[in-house]
Amino acid sequence: MGTGERTPAGSAGDGYFDVIVVGAGSGGIYAVHRLAQQGLTVLGIEAGGGVGGVWYHNRYPGARVDVDSLEYSYQFSPAIARRWRWTERYAAQPELAAYFDFVADDLTARRRFLFDTRVSRAVWDPAKRAWQVSTDSRLHLSCRYLVMTTGNLSAARRPNFPGIDRFAGQLVLSSHWPQEEVSLRAQRVGVIGTGSSGVQVATALASQVDHLYVFQRTANYSVAAQNRLLDASAQELRAERLAEERQVLLGRPAGTSILRPEHPAGYYSPAEQQALLERQWAHGGQGMNAVFSDQGLDPAANQIVSEFVRNKIRETVKDQDLAEVLCPRYPIGTRRLILDTGYYEIFNQDNVTLVNLANDPLVEVTRRGVRTRSRLYELDVIVCALGFNAFSGALIEAGIANHEGVTFAEAWAHGPRTLLGLMSSQFPNLFLPTGAGSPSVLVNMILLNEFHMDWVADCIAYLDQRGHGTIVPTPEGEELWTAEVAEASATLLRRQVDNYMVHVNQDGSRVFMPYAGGLDRYVPKALQVAADGYSGFRLE
Ligand code: NAP
């Protein structure tokens with residue numbers, strides 16, 4: 001069945017494509033470009049109305065990237081780098097959205113996407129060696145290869161608090177912030193959730209609203225981003241040597257300028273430790289996770305960093321009782337570190353109240369607001385920043401199933417199983433760029449998307465050249481890689497702390513879902529697999 005007038009350029013005309021790419025975020029934009037360049041027929045499908053992925057949907061006030069903008073950029077095109085100028089070290093959402101619009105137009109990638117279209121079902125047909133893809137707009141398409149550039153943090157956790165439907169005010173999700181303006185001035189606003197999204201939106205709203213209630217269940221670590229304006233000359237210089245810069249980033253553990261720390265905490269005197277921590281604080285950013293080589297492994301080393309950041313919170317928040325409620329108690333870096341632009345300062349304002357759900361749990365939402373065990377907070381707007389069904393959420397929502405009807409909910413019931421995080425043994429011809437089992441959310445997403453899509457495009461070219469119609473990890477190949485992913489996180493403190501990167505099985509066993517060995521170690525492994533003729537995969 002054809003796609004009618006909505007078929008974008010590049011279609012074979014009968015609804016059959018070499019590749020269907022799902023998601024028009026940083027990965028999807030590059031994917032359709034890269035694959036079409038290779039002469040493949042490509043269709044992109046995107047649920048939102050435009051490109052940008054998370055930066056299209058998460059347009060809440062205060063949304064801002066937490067990786068340096070210069071690094072959180074496409075690295076493959078000097079032409080793009082020459083013509084784009086970031087204004088801030090950590091770009092805010094409007095600038096990021098403009099960047100993805102700019103790149104999508106520059107690569108003429110936009111015309112390859114169907115927007116406002118959601119994949120509702122994708123089933124592997126072994127006889128036709130094709131994925132049969134259906135959409136909520138009742139399109140029925142098929143493709144040889146399915147590429148899920150849906151991201152790991154896109155399937156939102158939606159609020160299911162008792163009574164939520166009764167709320168008479170406005171309910172918004174940070175992850176699906178409305179396109180139209182949300183009226184916040186002179187309103188009583190509650191933000192539920194204090195991860196990166198909740199912290200950013202609360203910081204932005206504190207100066208706009210009549211009263212802000214921050215509902216915190218677990219205190220998280222947030223460090224000063226030390227955001228600043230960027231000058232143009234450094235960017236021009238960088239654009240001129242982009243290929244080199246790209247190689248440098250691919251050789252770094254997080255695909256950023258952050259290096260592996262050289263020494264354990266014990267190598268330094270207490271005064272030297274504090275000096276290093278102060279230097280990192282002044283520099284700002286995710287580097288607070290990489291001051292000592294053993295801070296992610298040794299509770300005592302970690303405690304030095306944790307206590308340093310807790311003391312910063314105590315220095316900032318005037319009410320010391322309140323500061324203690326805001327002080328996290330788990331080891332720093334075992335959940336994603338939050339970067340902020342003045343979060344703890346808002347709690348010195350009279351119009352901001354912290355509600356400690358750990359002591360006073362949320363019981364229900366009523367017509368008038370949020371009721372905790374001890375009182376009702378009357379609200380005009382509730383902002384839910386509850387996070388995502390990470391990694392498998394988008395794959396499950398897209399209704400992906402193999403020929404036996406096996407879904408990701410079943411295949412990954414005990415945690416993700418992949419080869420290189422790119423493919424899973426029960427799903428032939430399905431690529432999962434930045435997926436679980438790859439460095440994934442631990443690294444620079446744009447860079448990893450580029451690397452993965454180059455790998456995928458090269459892989460498809462290899463298969464086509466040799467007349468192979470399918471590729472899938474062998475059970476042994478998948479087993480070996482899954483064991484390697486487990487090994488990479490075996491001694492990490494972060495595996496023991498509950499958060500969206502850890503899958504906890506009913507028997508209590510824990511699976512750390514991203515590959516924690518670092519991008520620098522991952523890249524040569526992935527390239528070697530390809531150089532060896534896709535060892536660990538079965539090609540037919
Ligand atoms: P998150 O880190 O998973 O945080 C979700 C928050 O919602 C947590 O505070 C959680 O509390 C709370 N929550 C969930 N269910 C709740 C319930 N039933 N009652 C009360 N509280 C509840 O999600 P996120 O903030 O969206 O961030 C996810 C990831 O997206 C980040 O780690 C980051 O990788 C990315 N992100 C990045 C940026 C950026 O700076 N560039 C911005 C936003 C997001 P508990 O901790 O107690 O579970």
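In each ligand, atom 1 is the first atom listed, and ligand 1 is the first ligand listed.
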Considering only non-hydrogen protein atoms, determine which one is nearest to [atom] and report residue, atom name and distance to 0.1 Å.
atom: atom 17 (C) of ligand 1; value: R217 NH1, 3.3 Å
atom: atom 38 (C) of ligand 1; value: S196 CB, 3.7 Å
atom: atom 35 (C) of ligand 1; value: L153 CD1, 3.9 Å
atom: atom 31 (C) of ligand 1; value: Y500 OH, 3.4 Å
atom: atom 39 (C) of ligand 1; value: R64 O, 3.2 Å
atom: atom 24 (P) of ligand 1; value: S197 OG, 3.4 Å
atom: atom 6 (C) of ligand 1; value: A385 O, 3.3 Å

Side chains of E324 and R329: does their closest heavy-atom pair fall under 4.5 Å?
-> yes
Mind checking whether R336 and M501 have side chains closer than 4.5 Å, heavy atoms only?
-> yes
With atoms numbered from 1 as shown, which atoms in ligand 1 lie under 4.0 angstrom from a non-hydrogen atom of [X]?
X: F161; value: 17 (C), 18 (N), 19 (N)
X: Q200; value: 39 (C), 40 (O), 42 (C)
X: F388; value: 26 (O)

Would you mind telling me which of R368, R367, R371, H211 makes a side-chain hydrogen bond (donor to acceptor under 3.5 Å, both in side chains) with E378?
-> R368
Between [Y] and [X], is there a salt bridge with N-O shorter than 4.0 Å?
X: D210; Y: R185; value: no
X: D498; Y: R335; value: no
X: E88; Y: R228; value: no

Y60 and ligand 1 - part of the residue with a heavy-atom distance under 4.0 Å | side chain
Any heavy atom of [X] sitting closer than 4.0 Å to ligand 1?
X: Y90; result: no
X: V65; result: yes
X: L362; result: no
X: Q216; result: no

Under 3.5 Å side-chain donor-acceptor pair for D68 and T256 = no
Non-hydrogen atoms of S197 and Y60 that approach each other most closely = CA-OH, 3.4 Å
Check whether more than 12 heavy atoms from other residues, nucleotides or ligands sit under 6.0 Å from atom CD of Q208, and answer yes or no.
->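 Atom CD in Q208 is crowded, with more than 12 foreign heavy atoms closer than 6.0 Å.
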Sequence-distant partners of Y221, ring-ring contact (aromatic ring centres under 6.0 Å, His included), two or more places apart | Y330
